[in-house]
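Encoded as structure tokens, the structure appears first; notes follow it.
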Amino acid sequence: MATEPQQAATIGFALNPAQWGKGLGTETVHLLCALGFKALGRYRIWAARAPLSEASARAPSCERA
């Protein structure tokens, strides 16, 4: 997780295509968002996804609680 001075963070990860569609990306996003918002106090989190993974496009966004 990269942090920026504006209290924002950027997350990214890559999964082997054999692991796509198993919910691992969704779980990773939830964990990284919790880390960023709760533990690190970030205000905004940006993320990128693998363009070929349709499951990544359906992964939930993370929102500050």
Minimum heavy-atom distance [X]-[Y], with the two atoms named:
{"X": "Ala8", "Y": "Trp46", "value": "CB-NE1, 4.2 Å"}
{"X": "Gln7", "Y": "Gly41", "value": "OE1-O, 3.5 Å"}
{"X": "Tyr43", "Y": "Phe37", "value": "O-CE2, 3.6 Å"}

Leu24 with Trp20, same ILVMFWY side-chain cluster at under 4.5 Å
yes
Separation between CG of Leu31 and CD1 of Ile11, rounded to the nearest 0.5 Å
10.0 Å
